[in-house]
K.L.:
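This is the structure I want to talk about, given as structure tokens.
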Amino acid sequence: MSGDIAAMRSRLLAWYDREGRTLPWRIRPEERAAGRAADPYAVWLSEIMLQQTTVPHAAPYYAKFLSLWPTVHDLANAPREDVMAAWAGLGYYARARNLHACAQAVSRGLAGVFPSDLEGLRALPGIGEYTAHAIRAAAFNLPASVVDANVERVITRIFRIEAPLPSAKPQIRKAAAMLADPDRPGDYAQAIMDLGAVICTPRAPSCGSCPWESHCAARVAGDQERYPVKAAKKAKPVRHGIAFVVFRGAGEAREVLVRTRPDKGLLGGMLEVPGTDWVEDAGALPSPEEAAPLALEWREAGGITHVFTHFELRLTVFAAPFDAKASLPDGARWVAVHPIRAAGLPTAMKKAVQAVL
DNA sequence: GAACCGTGGGG
DNA sequence: TCCCCAAGGTT
């Protein structure tokens, strides 16, 4: 078995040296061998953005953040609303709140130096088990064992693990830790994730190109697509609400009225257009006249649907031009619609605004 | 442990 | 169209 492990490490790393992806935040093996070190700030930023997010989706945000805030001190000193607006569209907005809090903790509490030990990393907001190991490996090239969804897929196939996720996680962690290469931890961590992303894909994996083909129990059995086995998922309920878009100005000068959502919960800390609560019983909604934030000439502008992680939202959108005689509701302010059509708004709110344009 | 928390791409 | 999925963390 130990011979197998050595062979697997060496095959995976040889494949990665040849076929691994070049990514903006990644130090390639030849760069690492030449003594070039990764920037822990850049690695951390990329890891937070990549949580539950694809590389193509995160990449432009990564470039934007590094350009706006090149160091952890710059990010720590940025107004939080600027950080939230820059994150808009990436989703899971607790990541952005934690990102800002983590930057402040590192900048002000740790003199701008990211910890390299697991305990120190885990203590920072937004850094959990996976991310601590990933930063330790990719940024510091220290021994670690990353277990993300890619690694879970690879490991359950290699060992043909029948237990469903998430209960199989402890077994997966053990197997992954046993395989991890202590001599090239940074390259190994990124190699096994690349393997999952490029070769060992959820559907139609490219087993013929896999450096671990002969070591893979599922491949030998021919049932690799059965893994990982997952627990059944719950149905998504539908929730209904009314959104109100107050606008002023026209064309490129048009603005809409927004407010900031409370910190906790869905879209916490993000901008929204005024609206009702979101309820499962559409019949329980108030009338638009009762619910409107201002007494204006409302017209129904249409409806939008947006699917969140655990429910589907259907908003009826009402629109009205602002009446200069009216006074703004508490906490409300105007934002321009033009720059990239309601940039800075989360997607559901962007859809509501666009229903009016 | 389970619920909560976004979004967009691919089959 | 619908369903699956992603470099997870927090409570």
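Residue numbers begin at 1 in each chain, while the letters A, B, ... track the order of the sequences.
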K.L.:
Given that A/S167 and A/K351 both sit by DNA chain B, which one's nearest nucleotide is further toward the 5' end?
P.N.:
A/S167
K.L.:
Pick base, sugar-phosphate or nothing for A/P346, based on heavy-atom distances below 4.0 Å to the nucleic acid.
P.N.:
sugar-phosphate
K.L.:
Quickly work out the A/I304 CD1 to B/dT7 P distance and round it to whole Å.
P.N.:
10 Å
K.L.:
Does A/L267 reach a base, just sugar-phosphate, or nothing at all? Heavy atoms under 4.0 Å.
P.N.:
sugar-phosphate
K.L.:
Roughly how many Å is it from NZ in A/K169 to P in B/dA2, rounded to a whole number?
P.N.:
12 Å
K.L.:
Can A/H133 and A/S145 be counted as having a side-chain donor-acceptor contact under 3.5 angstrom?
P.N.:
no
K.L.:
OP1 or OP2 of B/dC5 less than 4.0 angstrom from a side-chain nitrogen or oxygen of A/H310, does that happen here?
P.N.:
yes
K.L.:
Please report the distance, rounded to the nearest Å, between CG in A/L345 and C1' in B/dG6.
P.N.:
15 Å
K.L.:
A cation-pi test, strictly: NZ or CZ of A/R11 under 6.0 Å from the centre of the six-membered ring of A/W212 and no more than 45 degrees from its axis. Yes or no?
P.N.:
no
K.L.:
May I ask you to say what A/G89 touches in the nucleic acid, namely base, sugar-phosphate or nothing, with a heavy-atom cut-off under 4.0 Å?
P.N.:
sugar-phosphate
K.L.:
Mind checking A/T309 for me? I need base, sugar-phosphate or nothing, with any heavy atom below 4.0 Å counting as a touch.
P.N.:
base
K.L.:
Side-chain N or O of A/H306 versus OP1/OP2 of B/dT7: is the shortest distance under 4.0 Å?
P.N.:
yes
K.L.:
Pick the P atom in B/dA2 and in C/dA7, then give their distance to the nearest Å.
P.N.:
23 Å
K.L.:
Identify whether any heavy atom of A/V146 sits under 4.0 Å from a base atom; if not, whether one sits that close to sugar-phosphate; answer base, sugar-phosphate or nothing.
P.N.:
nothing
K.L.:
Measure CG/A/L313 against P/B/dC5 and give the value in whole Å, please.
P.N.:
12 Å
K.L.:
Can you tell me which residue pairs pass the salt bridge (Lys or Arg N to Asp or Glu O under 4.0 Å) test with a partner in residues 220-230 of chain A, sequence neighbours excluded?
P.N.:
A/R160-A/D223, A/E162-A/R226, A/D223-A/R226
K.L.:
What is the separation between atom CG on A/L165 and atom P on B/dA3, rounded to the nearest whole Å?
P.N.:
16 Å
K.L.:
Between protein and nucleotides 2-11 of chain C, map the contacts as a letter string: B base, S sugar-phosphate only, - none, heavy atoms under 4.0 Å, written 5' to 3'.
P.N.:
---SBBBSS-
K.L.:
Is a donor from one side chain sitting under 3.5 angstrom from an acceptor on the other, for A/R136 and A/T131?
P.N.:
no
K.L.:
May I ask you to check whether A/Y61 and A/W87 place their ring centres under 6.0 Å from each other?
P.N.:
no
K.L.:
Among pairs that include at least one residue of residues 109-121 of chain A, which meet side-chain hydrogen bond (donor to acceptor under 3.5 Å, both in side chains), considering only residues two or more places apart or in two chains?
P.N.:
none
K.L.:
Let me know the distance between CD of A/E225 and P of B/dG11, rounded to the nearest Å.
P.N.:
12 Å
K.L.:
What is the distance, rounded to the nearest whole Å, between atom CD of A/E312 and atom P of B/dC5?
P.N.:
16 Å
K.L.:
Rounding to an integer number of Å, can you tell me how far A/M49 CE sits from B/dG8 P?
P.N.:
15 Å
K.L.:
Between A/N98 and A/R95, does any side-chain donor sit less than 3.5 Å from a side-chain acceptor?
P.N.:
no
